[in-house]
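Notes follow the structure.
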There are 2 protein chains.
Amino acid sequence: MHSLYALRSGFMKSCVLHEDGREQVAGFHMMGDLMGMDAIGSNQHLCDSIALEDSDVCDIPLTDLETLSREIPSLQQHFHRIMSREIAHDYGVMLLLGSMRAEERLAAFLLNLSQRFAARGYSSTEFHLRMTREEIGSYLGLKLETVSRTLSHFQTEGLLAVQNKHLRILKIEALQELVGQHSCRS
Amino acid sequence: MHSLYALRSGFMKSCVLHEDGREQVAGFHMMGDLMGMDAIGSNQHLCDSIALEDSDVCDIPLTDLETLSREIPSLQQHFHRIMSREIAHDYGVMLLLGSMRAEERLAAFLLNLSQRFAARGYSSTEFHLRMTREEIGSYLGLKLETVSRTLSHFQTEGLLAVQNKHLRILKIEALQELVGQHSCRS
DNA sequence: CCTGCAGTTTGACGCAGATCAAATCAGAGG
DNA sequence: CCTCTGATTTGATCTGCGTCAAACTGCAGG
């Protein structure tokens, strides 16, 4: 606590915990992501971060970061930008959870993964899902059966090819269209 | 843009916009809240903030805040704490949208309002809802009819007294229990 | 190679909440 | 006081997704 964590390599999830023991996946993190920004205000992390494959994490003491920020304005700005992006991202997730149907949620999720892999120099159309269907479901506010069914459905429609955890996007435009549409709800 | 906004008095909502024109309420703000923290990273506000009653807003240029932060460590820490709290709050909303049923969502919403009024010196059990049922629904990922029905249901159960937009909480423990329970989903 | 287990797929069924519709209510303006 | 309009309530019906159940797959350990 009172540190931030930079993910240098690997893949992780963060989970929010309920008082009653139930938990929900709040996000997936990959190389370069900064984690733990929820804890600055409360001295206590709301999330557990759990590695989904061998990962390398760098501990950043908050006091060091704040001291350096005062001396290096560009670092300060960068840090603020990162926190802000986290907030903006969360708004996107709220939108997703609050007003999208299962197909749209999954399409948005896959497109987001795709973009993030692309930004890191990996293929944007073919990658490995490191998380289980249940974890995807938890993140998207769906049950694992619904995730599985929706993936199968996308496959029969020819939008993607799924083989266990390996995934290939065949019609990225169709997925984008799905997300843009908002055929119903809210 | 490139300013933050402190709400000095009044009551506002912020809405996230879809590409396709649809919008969702991302949060409600009252006296003392800081708004616009989603825009630091992107140079562009994702949200429109709209006053729900006469409000008084104070513009805080980001560059000023950053300059002052460098000189006054306690201000810097305070700012970081506020951003962090926003992130933590968003995680709470994600939990709510992803894994709670209608009754639990509404109970959580009312309890949150109650706490915030209390923190500002107003009654924690009797207050005016400044937003419409539709806005509540949008925030909670429900339709206005469901919000209305659930409020009615709470009323017949004796948990609260609702008269149009005026609300009185009668059994706060019962509401808290509802939120803690998590009888189903996810 | 066999076994066990966690993860996944698929089907059948039920329900919470969306949708459609209509009646009522409250406040603003004349 | 009356009218108009947007907000709210309430009912009836529909449906997407959750729930329950069963079979299948792939991998790790013996």
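Chain identifiers are assigned alphabetically (A, B, ...) following the order of the sequence lines, protein sequences preceding nucleic acid strands; residue numbering begins at 1 within each chain.
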| remark: Comparing A:Lys165 with A:Arg149, nearest DNA chain C nucleotide closer to 5' gives the residue A:Lys165
| query | Think A:Arg133 has a side-chain N or O under 4.0 angstrom from the OP1 or OP2 of C:dT9? | reply | yes
| field | A:Met131 CE - C:dA6 C1' separation (whole Å) | value | 17 Å
| request: Report the distance from atom CZ of B:Arg101 to atom C1' of C:dG14, rounded to the nearest whole Å. | output: 14 Å
| said: Can you confirm whether A:His166 is buried at NE2, in the sense that more than 12 heavy atoms of other residues, nucleotides or ligands lie under 6.0 Å from that atom? | reply: yes
| Between atom CG in A:Leu151 and atom C1' in C:dT10, what is the gap in whole Å? | 14 Å
Donor-acceptor contacts, no H, no angles, side chain residues 67-76 of chain A, under 3.5 Å, sequence neighbours left out:
from    : atom 1 : to      : atom 2 : distance (Å)
A:Thr67 : OG1    : A:Thr63 : O      : 2.8
A:Ser69 : OG     : A:Leu65 : O      : 3.0
A:Arg70 : NE     : B:Gln76 : OE1    : 2.9
A:Arg70 : NH2    : B:Gln76 : OE1    : 3.3
A:Gln76 : OE1    : B:Arg70 : NE     : 2.9
A:Gln76 : OE1    : B:Arg70 : NH2    : 3.3
A:Gln76 : NE2    : B:Glu66 : O      : 3.1

| request: Would you mind classifying the nucleic acid contact of B:Leu144 as base, sugar-phosphate or nothing, using non-hydrogen atoms under 4.0 angstrom? | output: base
| field | Which nucleotide in D:dG18, C:dT8, D:dT8 has an atom nearest any side-chain atom of B:Ser148 | value | D:dT8
Show the atom names and distances, to 0.1 Å, of all donor-acceptor pairs under 3.5 Å that link a side chain in residues 157-165 of chain A to residues at least two apart or in another chain.
none

| Any B:Thr146 side-chain nitrogen or oxygen under 4.0 Å from OP1 or OP2 of C:dA18 | yes
| query | Please give, in whole Å, the distance from C:dT8 C1' to A:Leu167 CG? | reply | 15 Å
| query | Do the side-chain N or O atoms of A:Lys143 get closer than 4.0 angstrom to the phosphate oxygens (OP1, OP2) of D:dG16? | reply | no
| message | For residues 119-128 of chain A, which residue pairs pass the salt bridge (charged side-chain N to carboxylate O under 4.0 Å, His left out) check, not counting sequence neighbours? | response | A:Asp33-A:Arg120, A:Glu126-A:Arg168
| Under the side-chain hydrogen bond (donor to acceptor under 3.5 Å, both in side chains) test, residues paired with A:Arg133 that sit two or more places apart | none
| query | Rounded to whole angstrom units, what separation is found between the CE atom of A:Met100 and the P atom of D:dC17? | reply | 11 Å
| said: Whole angstroms only, please: what is the CG-C1' distance between B:Leu142 and C:dA18? | reply: 10 Å
| field | Heavy-atom protein contacts under 4.0 Å, nucleotides 21-28 of chain D, coded B base, S sugar-phosphate only, - none | value | -----S--
| request: Please check the phosphate of C:dT10 (OP1 and OP2 only) for any side-chain N or O of A:Ser152 closer than 4.0 Å. | output: yes
| message | Suppose we screen for ring pair (Phe, Tyr, Trp, His ring centres under 6.0 Å). Which residues come up paired with A:Phe117, at least two apart in sequence or across chains? | response | A:Phe127
| note | When rounded to whole Å, the CD to P distance for the pair A:Glu134 and D:dC17 reads 18 Å
| query | So which heavy atom on B:Cys15 is nearest to which on B:Glu23, and how close? | reply | SG-OE2, 3.5 Å
| note | When rounded to whole Å, the CG to P distance for the pair B:Leu106 and D:dT8 reads 13 Å
